[in-house]
Amino acid sequence: MPSTVGTQPTRPFVEFLVIINRYLTCEIIKPLLAVCSILIIIFVSYKSDRYLADVVEGLLPANTVISLLFLKVTIALEVLLPITLYLSVVIGLGRLHTDSEMTALFACGVSPNTVLKNVFVFSLLLAILVGTLSLFVRPWAYEKSYLITAQAETNFDFSQIRSGHFYEQQHGNRVVFIDHRNDSKTSNNGVFTLTERNNVVQAIFAKRAHQETDHVTGEKTIVFVDGHKYTLSRDGSRDRMIRFGTMTTRLKKKEPKPEYKRKAAPTLQLASSTAPYDVAEFQWRISTAISTILLGLLGIPLSQTSPRQGKYAKMLTAVIIFAVYYNLSAIARNWVEQGVIGPIPGIWWVNTLLACTVVLWFLLSPREAQLR
C-alpha cells in the first residue's frame with residue numbers, strides 16, 4: 001500500500017496514479033478505436049450502396065462518390081463518437097471488473113474518484129472534438145454535399161440513365177422515364193419527361209429520343225422524335241398541346257445555387273434566428289458535446305460486472321438505454337421544429353433527463369461499490 005504524509009500523497013504514489021490513469025485511458029481507447037472503426041465501416045457500406053446505385057442509374061457521377069462518402073462520415077461522427085465512447089467505457093471498465101483488476105486497484109489505494117475523474121477528463125476532451133465537429137465542421141460538410149448534389153443535377157446526362165425507371169430531379173420538379181433502349185444504347189424508345197415551373201406543368205412524350213453534345217461548346221441537347229408536348233397551367237389558362245416530328249431541348253449547364261438549408265447554415269446565424277427549424281438545429285449542435293460527457297459518465301455504473309457475468313454482460317442494457325435516449329432526442333427535436341414546444345425547454349429536457357439518470361445511478365449505488 002503506498003504511504004502518504006498527512007493529506008498530501010507521496011511522490012511515488014503520485015507517479016503510481018499517473019500510470020494508473022494512463023492504463024485506464026488505454027483500456028477505454030482500445031475498444032473506442034475498434035468500435036468506431038466497425039461503425040464507420042457499416043455506415044460507409046450502407047451509404048456506398050446507395051451512391052453506387054445512383055451512379056449505375058446515371059444520377060450521380062462516379063468521381064463524386066468518394067467525396068460524398070467522406071462528407072457523410074464527417075457528419076456522422078458527431079453521433080458515432082458519443083456512442084462509441086459510451087460503449088467503450090462499458091467494455092473497457094467491464095473487462096477490469098471481470099478480470100478483478102479493479103479490485104486490485106482498490107487494494108493498492110486507488111479510489112473510485114480516480115476512475116471517475118479519468119473518464120470525465122477523457123469524455124471532456126472528446127466532447128470538445130464532437131462540439132467542434134457539430135458547430136463548425138457539420139455545416140461545412142452539409143454545404144459541400146448539397147453543392148455536389150446540385151452539380152450532379154445541373155450536369156444531368158440523359159444518355160446514362162437506365163430504362164424502366166422514373167427519375168426525379170430538382171426536388172421532384174422534373175421527372176424522366178425511358179421505356180427501353182435500342183441495341184446501340186444511343187437512342188431511347190418511349191421517352192416521357194415532366195417538368196413543373198411557376199405553376200406550369202410541361203409534359204413531353206416521344207417515341208424516340210437521344211442526346212447530342214456540341215464538341216466545341218460542350219452544350220448538351222435532347223432531340224425528341226415523333227411525339228407530343230403538353231403545357232398545362234394550374235388555373236387552366238395556358239393549356240395547349242403540340243404534336244411534333246422533331247424537337248430539340250437544351251440542357252442548360254449553369255452554376256448550382258442551392259437554396260437555404262438550416263443544416264448547412266453557420267452556427268452564429270442559427271443562434272440569432274427565432275425560426276423553429278433553426279432553433280432545433282442550433283440546440284442539436286450544442287447538445288452533442290453535452291451528451292458526449294453524460295454518456296461517458298453513464299458508462300461507469302453500467303460497466304460494473306462480476307467475473308461470472310463477463311465484460312459484455314451490460315451491453316444489451318447499455319444499447320437499450322442509448323436507443324431510448326437517441327429516440328427521445330429525435331422526438332424532442334421534431335417537437336421544436338413543429339412548434340409543439342418552445343426553445344425552452346426545447347430539446348434540453350432530454351439531456352436533463354440523462355443527467356438525472358447519471359446522478360441517481362451514482363447516488364443509489366453504494367459509494368464503495370460503484371466501481372467494484
Side-chain angles (χ1 to χ4, degrees), residues 28 31-32 34-36 38-40 42-43 46 75-95 97 115-116 119-120 122-124 126-127 129-131 133-134 138 263 276-277 279-306 309-365 369-371:
I28 296 174
L32 186 146
V35 174
C36 189
I38 293 173
L39 292 179
I40 289 176
I42 295 174
F43 181 81
Y46 169 75
I75 294 170
L77 284 177
E78 67 174 10
V79 175
L80 296 181
L81 287 178
I83 186 177
T84 299
L85 171 66
Y86 171 58
L87 297 178
S88 298
V89 172
V90 176
I91 296 172
L93 297 186
R95 190 198 68 79
H97 285 286
V115 181
L116 177 61
V119 174
F120 175 77
F122 188 78
S123 300
L124 180 62
L126 196 63
L129 174 60
V130 172
L133 289 172
S134 187
R138 168 190 169 94
K263 291 182 179 180
Y277 278 91
V279 171
E281 175 67 18
F282 176 71
Q283 292 187 357
W284 172 266
R285 295 183 188 181
I286 298 295
S287 67
T288 54
I290 299 174
S291 64
T292 301
I293 299 176
L294 294 176
L295 288 171
L297 295 178
L298 182 60
I300 298 177
L302 286 172
S303 67
Q304 301 173 24
T305 56
S306 64
Q309 291 178 311
K311 60 182 178 180
Y312 301 108
K314 299 291 184 65
M315 282 297 295
L316 179 59
T317 303
V319 171
I320 292 175
I321 291 176
F322 179 82
V324 172
Y325 166 74
Y326 187 80
N327 282 285
L328 286 177
S329 298
I331 292 173
R333 185 177 178 181
N334 289 334
W335 283 351
V336 175
E337 291 176 349
Q338 297 169 8
V340 177
I341 59 178
I344 301 297
I347 69 173
W348 305 121
W349 63 271
V350 182
N351 288 314
T352 302
L353 182 62
L354 180 61
C356 292
T357 302
V358 174
V359 172
L360 287 176
W361 209 314
F362 276 99
L363 291 178
L364 295 178
S365 299
Q370 281 184 4
L371 297 171

The reported gap from CD1 in I293 to OG1 in T288 (rounded to nearest 0.5 angstrom) is 10.5 Å
If I compare all heavy atoms of V35 with all of I91, which pair ends up nearest, and what's the gap? CG2-CD1, 4.3 Å
Output for pair (R333 CZ, Y277 OH), nearest 0.5 Å, gives 11.0 Å
What heavy-atom pair brings L77 and P82 nearest, and what distance separates the two atoms? O-CD, 3.9 Å
Where do P276 and V336 come nearest, in terms of heavy atoms and distance? CB-O, 3.3 Å
What do the steps show when you test E337 against W284 for side-chain hydrogen bond (donor to acceptor under 3.5 Å, both in side chains), and what is the final call? CA-CA 11 Å; E337 291 176 349; W284 172 266; over 6 Å; no
Is the count of non-hydrogen atoms from other residues, nucleotides or ligands lying under 6.0 Å from F120 atom CZ greater than 12? no
When rounded to the nearest 0.5 angstrom, what distance separates CD in E78 from CZ in R138? 4.5 Å
Close side-chain approach of V130 to L85, heavy-atom, < 4.5 Å: no
Is there a side-chain contact between V89 and I300 (heavy atoms, below 4.5 Å)? yes
Would you list the pairs meeting salt bridge (Lys or Arg N to Asp or Glu O under 4.0 Å) in which at least one residue belongs to residues 350-360, sequence neighbours left out? none
Is any side-chain heavy atom of L39 closer than 4.5 Å to one of I83? yes
Testing the basics here: between Q283 and P343, what is the closest heavy-atom pair and its distance to 0.1 Å? NE2-O, 2.9 Å
Do you know which two heavy atoms are closest between P301 and L298, and how far apart they sit? CD-O, 3.2 Å
Which heavy atom of L93 sits nearest a heavy atom of S303, and at what distance? CB-OG, 3.4 Å
What pairs meet the side-chain hydrogen bond (donor to acceptor under 3.5 Å, both in side chains) rule with one or both residues in residues 345-360, with sequence neighbours excluded? Y325-N351
If I take atom CG from residue L294 and atom OG from residue S287, how far apart are they, to the nearest 0.5 angstrom? 10.5 Å
Atom pair CZ (F282) and CD1 (I347), whose distance is rounded to the nearest 0.5 Å: 10.5 Å
Near F43 CZ, under 6.0 Å, is it more than 12 heavy atoms from other residues, nucleotides or ligands? yes
Residues forming a side chain to side chain contact (heavy atoms under 4.5 Å, CB included) with V359, sequence neighbours excluded: L363
Evaluate the side-chain proximity of V358 to L295: yes if any heavy-atom separation is below 4.5 Å, no if none is. no
Exam field: side chain S123 to backbone V119, donor-acceptor pair closer than 3.5 Å: yes
Here the gap from L297 atom CG to T292 atom OG1, rounded to the nearest 0.5 Å, amounts to 11.0 Å
